[in-house]
Amino acid sequence: MSQWLSEVIAAGQTRQDWLAPHRQVALAELEKVSWPVRRQEDWRFTPLLPIEKRSVAMSSPSDSALAVPVIDDLTAIELVFSGNTLLTDIKKLSLPDGFRIVTFAEASTAQQDVIKTNLNKVKPTKHLFGQVNDALLSDGVFIQYDAGKSVSTPVRITQLANNEGDQHMRVLVHVQEGARATVFEDGHGSTNSFNTAFSEFVIDDNAYLEHYRLAMYTGEAMHVGGCHFRLGEKSQLNSTLVGYGSQLSRLDIDVEYAGEFANAKINAMYLLAEGELFDLHTTIEHAVPNCTTEENARGIVGDRAKAVFNGRIHIHRDAQKTLAELNNRNLLLSRRAIINTKPELEIYADDVKCAHGATVAEIDETALYYLLTRGIKRSQALIMLNFGFIQELIKQMPNQAISAWLLTQLHDRFVGMEVK
Amino acid sequence: MLSIDNLHASVEDKTIIKGLNLEVKPGEVHAIMGPNGAGKSTLGYVLSGREGYEVTGGSATLNGKDLLELEVEERAREGLFLAFQYPVEIPGVSNMEFLKESVNALREHRGEEPLTAAEFLKKAKAACKQVQLPLDFLKRGVNEGFSGGEKKRNEIMQMILLEPKLCILDESDSGLDVDALQVVAEGVNSQRDGKRSFVVVTHYQRLLDYIKPDFVHILADGEIVKSGDASLALEVEKSGYAFLGKAYEEADA
């Protein structure tokens with residue numbers, strides 16, 4: 001066991017609150033696990049050295065220097081966590097009809113019981129850092145949408161990483177039958193810090209969830225998190241994931257179909273500047289028939305940066321008439337940029353339609369030269385040639401305000417990335 | 001306009017241009033002919049600033065500006081246009097977007113306001129019609145799936161829209177049937193206004209029936225070995241490059 005993990009366990013044991021029984025379960029698991037090494041497929045390309053070298057920080061020494069990014073024209077219900085502190089006075093939020101927001105810290109005894117029954121309902125136990133989150137979680141948000149209600153205003157949960165701080169946050173969302181909801185998880189960090197943000201979504205029959213998860217951790221800000229979805233019959237998920245890279249950033253996505261005729265559309269984008277690492281693992285479990293998955297992951301990898309994409313679609317024996325598409329496209333900006341991509345289809349049903357593919361491209365020097373000879377600026381030419389495939393996914397985002405803002409963010413990040 | 005003095009250039013340490021001199025005045029049309037491997041295409045690449053084409057000596061100026069010191073896009077902004085022998089296919093970038101970016105980049109350089117979408121569309125449509133390309137070619141990816149002739153016409157369309165000062169046409173006639181050749185030639189001739197200059201690189205005299213050159217130069221082994229008027233092209237057409245020596249005679253046979 002690593003020193004860091006021992007510290008996690010020790011720290012978890014000191015937490016004697018209403019979540020203690022729940023923490024104990026995770027702690028017992030953590031006692032048993034072996035620390036991931038690179039021989040393990042799940043962590044083959046992502047060394048955990050930066051975490052091993054870290055001490056478990058129990059306090060939040062300083063406030064975050066980060067501010068919540070302003071997104072023009074976005075009307076949202078905003079919850080902001082700076083480190084482990086909720087800056088928003090949740091009682092003062094004026095919420096539209098049809099849903100409730102409760103934070104773990106302020107939950108009444110009755111609400112605590114509801115939270116307890118929803119915790120780990122969807123998140124698989126296989127995620128080591130999910131267990132760490134269980135053991136150390138400092139606060140969380142539980143959002144419940146009433147059956148049949150359509151809430152058009154997004155709930156935006158921003159997590160700002162504190163300098164030197166740890167942040168172990170949980171988001172639980174229950175979209176009840178026939179409801180429509182939008183949840184926007186917005187994570188930012190740039191200085192030395194460690195965030196585990198895990199979220200669980202139960203989408204009941206005929207319900208719809210529009211979801212955004214930004215993992216904009218850069219520099220020394222470490223992040224290991226996950227989003228876990230369970231889809232009921234005829235439910236729909238539209239999720240957009242965006243990752244930057246840092247010394248260690250990893251996101252695990254799980255989608256589990258629990259009812260037939262459900263569909264999930266997942267668009268993931270990652271832009272890694274020099275020397276950064278980002279690891280995206282997605283697992284789609286088609287356990288029942290007649291469900292549809294459409295997953296697109298696209299990334300641009302800068303000099304000496306490393307991206308990992310592992311996309312698994314598992315079609316169980318009974319999951320006939322499954323439609324599943326998984327595609328991963330990458331652009332490397334340098335000979336020293338690395339992508340480890342592995343789309344995996346595991347099919348046990350015989351009447352399914354599935355496709356998967358991965359491509360890796362480099363800058364097309366001839367095309368670039370051609371554009372330059374027509375007077376187009378080099379930076380603009382690079383955008384025209386290489387940003388289109390990212391832009392395409394941004395434009396598919398249902399929320400126009402987030403989409404427009406993100407387009408500028410990613411555009412600027414790309415322009416700042418050097419082609420070598 | 002264009003002044004090339006004792007230019008030397010190499011590709012991967014192999015010297016291709018070996019002391020080339022050329023003086024092009026405003027409004028003139030110069031044809032450059034020569035056997036394969038003489039350095040005809042290299043000249044266009046060197047003047048436009050393609051990576052990997054290294055100038056090892058001499059100078060090249062455009063209206064007094066040192067071309068060789070400029071970036072590729074700056075040369076274009078100073079008025080240099082190269083029509084490619086093999087235009088590049090760029091799927092995912094529409095011809096329209098490409099042309100608009102180019103035109104507005106050049107306008108910006110001249111201190112002019114960018115064209116609005118409507119203004120640009122009008123110009124683009126006119127140019128498209130002039131080179132007899134269907135209008136839907138504006139919407140397609142740059143040269144994507146275009147035939148050889150369509151690509152060449154697309155080059156001429158760009159030339160018309162970009163209004164350069166000096167045009168280098170690199171074998172704009174290769175692979176064209178007579179009809180397409182006429183379209184290309186008419187496109188070029190429509191841009192002759194007494195000020196704009198042209199350097200027409202070609203293998204065959206045929207193109208020069210349509211684009212009348214003021215001067216014809218023979219480029220062989222990296223330098224201009226003979227210059228004359230249009231009749232020199234006819235001479236080459238008739239008896240090949242035999243006058244250059246036995247080696248060329250065989251190469252061109």
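Just so it is clear: chains get the letters A, B, ... in the order the sequence lines come, proteins before strands, and each one is counted from 1.
- Between B:F84 and A:Y369, the ring center distance clears the sub-6.0 Å criterion.
- In this structure, the side chains of B:I90 and A:D364 stay at 4.5 Å or more apart for every pair of heavy atoms.
- Counting all heavy atoms, side chain and backbone alike, B:V72 lies closest to A:T373 at CG1-N, 3.6 Å.
- With a threshold of 4.5 angstrom between heavy atoms, B:L82 approaches chain A through its backbone and through its side chain.
- Of the two parts of B:N104, neither the backbone nor the side chain holds a non-hydrogen atom closer than 4.5 Å to a non-hydrogen atom of chain A.
- Counting non-hydrogen atoms of other residues, nucleotides and ligands closer than 6.0 Å to CG of A:D412 gives a total above 12.
- The contact list for residues 63-70 of chain B toward chain A, using heavy atoms and a distance under 4.5 Å, is empty.
- Minimum interatomic distance between B:S102 and A:I376 (heavy atoms only, all atoms of both residues): OG-CD1, 3.5 Å.
- With contacts defined as side-chain heavy-atom distances shorter than 4.5 Å, the pair A:Q380/B:E101 qualifies.
- Interface residue B:V142: only side-chain heavy atoms are found under 4.5 Å from chain A.
- Judged by distance alone, the side chain of B:R77 and the main-chain N or O of A:G375 form a donor-acceptor pair under 3.5 Å.
- Under a 4.0 Å N-O distance rule, the pair A:E365/B:R50 does not qualify as a salt bridge.
- Aromatic rings of B:Y86 and A:Y370 (six-membered ring for Trp) have centroids beyond the 6.0 Å cut-off, not under it.
- A heavy-atom distance below 4.5 Å is found between the side chains of A:R374 and B:L162.
- The two residues A:M384 and B:E97 make their nearest non-hydrogen contact at CG-OE2, 3.9 Å.
- Looking at B:E78, neither its backbone nor its side chain comes within 4.5 Å of chain A, counting heavy atoms on both sides.
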